Each structure stands twice: as structure tokens, then as C-alpha cells.
Amino acid sequence: MVLCGATASSAGPPERVVSINLCTDQLAIMLAAPGQLVSVSHIAADPRVSPQAAEAARFRLNYGQAEEVHAMAPDLVLAGPYTSRYTVGLLRRLGVEVRELPLADRLQDIPETISQMGAWLGRERAAEALIDDFNEGLAALTSETDLRPRAVLHYANNYTSGGGTLANELLNLAGFINIAAEEGLRGGGTLPMERIVMLAPDLVISGQRYPGESRAEAVLDHPAMIALRERRVGGVSDADWVCGTPNVLRALARLVALRAEVR
Amino acid sequence: MRFPLLLGVLALLVAGLFAASLLVGPAGIVPARALAALIRGEGVAETLVMREIRLPRALLAAMIGASLGLAGAAMQGYLRNPLAEPGLIGISGSAALGAVLALQTGVAAAFVLALPLAAMAGAVVAVGLILLLAGRSGGSITLILAGIAVSAMAGALTALVLNLSPNPFAAAEIVFWMMGSLADRSMTHVWLALPFMVVGGALLATLGRGLDALTLGEDAAATLGVSLTRMRLVLIGGTACVVGAGTAISGAIGFIGLVVPHILRPVVGARPSRLLAASALGGAAMLLAADIAVRLILPERDLKLGVLTALVGAPLFLHLIYRTRREGL
């Protein structure tokens, strides 16, 4: 098994690739040759978090468990930095080649992520084409603006994104000022509802709702937030910017449209 | 201390803590502006913060604290056992299960009163079970064992329902339902709980005379014209109303009904009827204080109320068990 994996990776492009992370799923679906990608994670088929749910449903779905993945006899397993250490370790002990793709948390890192994935899959040409498309798409959505409305991202449990995040970069690029970053929040974190209300943003941007009830999401319907949202509210699907892949252009397009509405 | 004076002191304490609760928060509004916003509606953002975020939080802390103190005092009086407390013997946990079931099945969204009613139904089942298993003839051990069984069952079922929920956030909320929190509640919740708490509080208040009579023993109470059957029904209904409505809004908060009557019992001269009113005020003060503390200690972490009340209450609980054992009960 060990030999088998080693030969395949040195001899040519991998022939049986299994992806067990939503973000590697996205890039693998975009870049893999027909038949090369055997399985993607079951999360990739969930339309609430995956922008390519329809495409993903064509592949065999996995739950990211070592035994299950090993049984698919892959010569390459794609994982992300948040994939369970135990799963990655166990797969390697079983002689499976596992590669972990660092996630892009800046727009400028996305092309490099694409070309890394292209190199692993032996699909350098496809990767170059995808990078060109991404750069073109990005340029088409970027425009100068004088008016910069103040926006805040508001998710379940008062979660928001501050400076140094991909979401912050996209907000700025779309012409918004992110008040969470303005408040000095770095990375993801929470901003108490009281503070959000006091900062009086022009726009409150939320994700989509999940089925079933949770107290975490109840904050989105709190009377104080509803009063604040009378000013203006917008939604961007979580699926479009959860991973640093070319899919973030969909989120950017949505943000640019929201900015145009705010005036 | 004279009883009216004690009530006056406790009421002043509640009023002071209520005011403090209104003035504590991450928005950092200076007290003068906070009050101007609350009372006269000066400043759009300040008014929103004061009236929609801080006022309901303070009101709910006072209401739920009073409910738990009152229910604890009433149960202890009826069972003549200082260990009977809604949280410890599984009433709050069962109310939480009822609330979680109503939320996850969508019944709570179907009509307004479904959430508190479901929590009350959970509480009724638990109080009924406890009285059945550990009624007046049962000792402390039976009561605690029955309470452990009811708590464990309710906790496990709550966890199961939340784990099965299609909502990715639901499973993380097991802690909320077991430890309680008042973060980001709204006036809607105040209006939802208030009617049930008023009815339940009024029911429990009528028990005073009967509880006093019970201290003389059941036979003596019966000759004084106290109907134990009626008392039991009132106790079940009243406790279920106040604990159910409170738990549906804040999750299960333990130990308040244990700590407060314990502290106040010597002060009121061991008269159960007086302990009811004093414990209601004392409970309100304790929960207000705990809710202020969670915001001061770790302001942005939504520290759970039950963590603080347990840190105070659990050692006292151990002490009470130790004393009960020494007295050979």
C-alpha cells in the first residue's frame, strides 16, 4: 500500500483523488480531470454551505472518516488545515498520501492556492485558465467609489468578521467600511449587540438561516436589531465566501450590488 | 429583625441592583445619558440599547430570580426539607426539555404561548413525579435520589433533541439550557413570561397559612382545616407556572431556590409564610447580582448564570447534606 501510493505520485498525476474538506472540494471539482476525482465531502453537497452543491452531488460523498476513505483506495487525499488531526494521522499510517491545502485568507493568495491544487492534480493548464478567469472577474468587479457606507456583518451568536479576514477585504473592495474592523476587531469574533447598535451601521449584512430553532440565531431577530435594520439590511449566502476560492467572486458581486442599493 | 423592616431592606436591595443592572453593559453609556435615554428616549441608539436590550435583561433577572426563590421556599415548606430546590430536583431541567421540544418541533413558532406552556408541562410532570416518589412521607435521601433521576433523564433527553436538530447551532446550546443565561433576551420574552409568573406567584402566595400550619405536623394542620390535597395541587400548579415560564426564557438556573431561603430562614424566625415573600425578594436580588457579575467578569463571553449560582450554591448544598446527615434525618 505504501509503495503503491509512492509510485502513483512519482509516476504521474494521481488517478483516484478523494477530498475530505469543503474548500479542497471546491477547487478539486473545478480543476480535476474527468474521472480523476472519486469522492468529495458530504458538506459539499449541502446547498446551504456549498456553492457547488449540484456538481458535488455527482460524486460519491464521504464523511471524512479514515476507514471509509481508505476503503476507496485513493492515491491522493485532499484535506484542509481544520481536518481532524486523528483522521490525517491515521490515513498516513495506513499508507495513504494526504496533502493539506492551506486556506487563502487574502484575495491575493487565491491564485497561489489554485496553482498549488493544479500541481497536485497534474492539471497545471486548467489551473492557469482558472487563475486568469479569477483575475478577470476580480478586475471587472472592482471600481472606485467616493461614498463608503458603514456596514457590519452580523451572524448567529453576534459573530462578525474584523480586520485581516477575507470577508473584511471583500467588504472594503466592494466599497464598504467594516465597522467591526474599525472597532479594532482582528479576525473573526463577536461584537456585543449593544456595541453594534451604538455604532449605528448603514447596513447590516447577515447570512442565510438554517432549519430548526436555535437561540444562537435568535439574536438576528432581536427587536433592537430589527429596529437597526430598518435603516437597511442585506444578505450574502455563507456558501459564497466560506472558502478562499474563486467562488468568493459571487459574494463580491452581491456586495457590490448591495452597495449600489445603499447610496 | 422585624419582618416589615426586612422586606423593606430586601426591596431596597432589589431596587439598587436593578438600577445597577441597567447601567452595566459593553456599550459604555454614562449613567446620566443612560437614564435620559431610558426614561425620555433621548438619542436613537442609546434608547434602543436601554429599552430593548438592558431593560428586558434586568426585568427578567428580577422576575426569574423572584420565581426561583419563591418556588424553593414553597417546596421546602411543603416537604419540610431544606434540600428541595427546583433546579436540583429536576424541575428546571424538565421545563427546559419542554421548551426545547416546543422550539425544535416548531410548535413554539405556531402560536405565541406554546413555548411557556410546553415548559410548564415539563415542569408539571417533574413536580408530579417528585411528589409521587418522595412525597411527605419520604426522607431527604428519597427526595435527592428522585431528583437525580428526573434531572438525568431530562438532561439526556434535552441533549438528544438538540443533537438531532437540523440546526448547526442547536447542539452547542445544550450548555445554555443546562446553565442558563439572560444575554440578548428582549421585551417579547418579558411579556411572554410575565402572565404565568403573576398567576404562579399568586398561587404560591396562598400557601403561606397552610405551610405555617404544617410546621405543627400533618394531623395538627388537618385539624386546623388545611387540606393537604389542595395544597399539593396549588404547589404543583404554582411551581410549574413560575419555573416553567422562567426556564423557557433563561434556561435552567440552579441553586437560587436553595441558597436564598437558607440565608433568610433564620432571619424570618422559621415562619414559612414569611419566608415566601422574603425569598421572592431575595431571589430577585441574587439573580440580578449574578447577572451583573457575569457581565463584569467576562463581558464578551456570555458566561452562564448557572456557573456562578452553582459556585455559590454547591458548597452550601454539601454543607446542608452534611448537617442533615448529622441530625440523622
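Just so it is clear: chains get the letters A, B, ... in the order the sequence lines come, proteins before strands, and each one is counted from 1. Because the structure is predicted, anything quoted here is derived from the model rather than measured.
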**Report entry** B/Met153 atom CE, over 12 foreign heavy atoms within 6.0 Å
**Finding:** no
Query - Selection from B/Pro168, B/Ala171, B/Gly251 maximising heavy-atom pairs under 4.5 Å formed with chain A - result: B/Pro168
**Report entry** For chain A, the option from B/Met187, B/Glu173, B/Arg54, B/Glu52 that forms the most heavy-atom pairs under 4.5 Å
**Finding:** B/Glu173
Query raised in the report: Is a side-chain donor or acceptor of A/Gln26 paired with a backbone partner of A/Cys23 at a separation under 3.5 angstrom?
Result: no
Query raised in the report: Side chains of B/Asn167 and A/Glu213: donor-acceptor distance under 3.5 Å anywhere?
Result: no
Requested in this report: Would you mind checking which part of B/Arg185 comes under 4.5 Å of any heavy atom in chain A, side chain (CB onward), backbone (N, CA, C, O), both or neither?
Outcome: both
Requested in this report: State whether the side chain of A/Ser50 and the backbone N or O of A/Pro47 hold a donor-acceptor pair below 3.5 Å, judged by distance alone.
Outcome: no
**Report entry** Presence of salt bridge, A/Arg85 and A/Glu100, under 4.0 angstrom
**Finding:** yes
Query - Interchain contact, B/Thr105 with chain A, by part (heavy-atom threshold 4.5 Å) - result: neither
Query raised in the report: Heavy-atom distance under 4.5 Å to chain B: side chain of A/Val197, backbone, both or neither?
Result: both
Report task. With a 4.5 angstrom heavy-atom cut-off, could you sort out which part of B/Leu162 is near chain A: side chain, backbone, both or neither? Result -> neither
Query raised in the report: Angle class for the A/His42/A/Tyr63 ring planes (parallel below 30°, perpendicular above 60°, tilted otherwise)?
Result: parallel
Query raised in the report: Tell me, side chain or backbone of B/Ala183 under 4.5 Å from chain A's heavy atoms, or both, or neither?
Result: both
